[in-house]
Amino acid sequence: MSNTPITSDIDFEKDGKQVTYLHVPYSRNDSAWGALLIPIIVIKNGTGPTIYFNGGSHGGEYEGPVCLLKLARELQPEQIQGRVIIIPALNLPAVKKGERLSPIDHKDMNRVFPGKSDGTISEVIAHYVHDFILPLCDVVIDLHSGGYSLELMPFISMHYLDNETQRQDTLAALRTFQAPISLISREFTGEGLLDYAVEAMGKVFLWTELGGGARVSASSVKIAEIGVRNILKHFKLIDGEIIARETKGLQASRFMEAPDAENYHRVTVTGIYEPFYELDYEVTVGEAIGQVHFVEQPLRPPELVLAQRSGFIIGLRSPGHVEAGDCVALVAHNINSSIGM
Ligand code: CA
């Protein structure tokens, strides 16, 4: 059994509803024997699949925590068959501060997996999730939003997967979530994602991006709530019909794809970014989608940003100030919704 400095009275094998904390040692000037208390909720009834809902890996992404706090209060053991593990705010200090990174070790919780039992506080938390929670799970749903720096059209997403069974199971879950967009994508953000850790174990992993700008949007919270319950129904943890978007008079989920580094548009200069279009605008490769202005050089022509792929703008940078290397737009293209069926 793996070691961890984290202690908890949680018993993952016990039936019923447990609402408790992970005690993460956090020694500091004003609290020699202090601990960070991360809320964890486990709801279990009999045998069945285990689903882990994770929120708040980054601060400033509020729909996940809001949706999961509500789910934790509402869901009762007698309503389920199986086990639901909920952590509404994995990076609690970041969530409390509204910042992406941990204010304690300045690490990105979603870049430190599989973590380290003797590492910094984010690494210790990631290690606990990796070694003590993930092995119990069949399905992991990670709720993100655009946060401070991005405005995203609400989507549920999966990565390209090589294992055909895992790919089909993940596609079926993606389809079930019923977000406005179902995106199949590849990411170019480096190693250490929870995503890759779960996928390497052969399990189903999905994540959301629900709006952004570090605000809570009413429509995004609803998308998350319907999606999370649809997932619970799909894996037969709770009874009930999957709520399809069409039954609510909404457009069916759009299937989209963002396979390449070129789908992510980065600026190469520092300045003020002026986007030419709003979200959901359709662009053609080579078309100018925005420009960077140089506030201290009035006569210097702005630097144009050209579309590297044709498709729809589904993500935009929120703050006007950009540094070289910042992502200012995500472009994805439509694909046939019958993919994998
Ligand atoms: Ca995020």
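Along the sequence shown, the residues carry numbers beginning at 1. In each ligand, atom 1 is the first atom listed, and ligand 1 is the first ligand listed.
Using bins of under 30°, 30° to 60° and over 60° for the plane-to-plane angle, the ring pair Y21/H23 lands in the perpendicular bin. Ring planes of W207 and H159: tilted class, angle from 30 to 60°.
For the Ca ion (ligand 1), the nearest N, O or S atom contributed by H144 is named ND1. The atom of H58 that is an N, O or S and sits closest to the Ca ion (ligand 1) is ND1.
In summary, E209 places no N/O/S atom under 3.0 Å from the Ca ion (ligand 1), failing the contact criterion.
Looking at R83 and D15, no side-chain N of the basic residue comes within less than 4.0 Å of a carboxylate O on the acidic one, giving no salt bridge.
Looking at S217 and S219, their side chains do bring a donor and an acceptor atom within 3.5 Å of each other.
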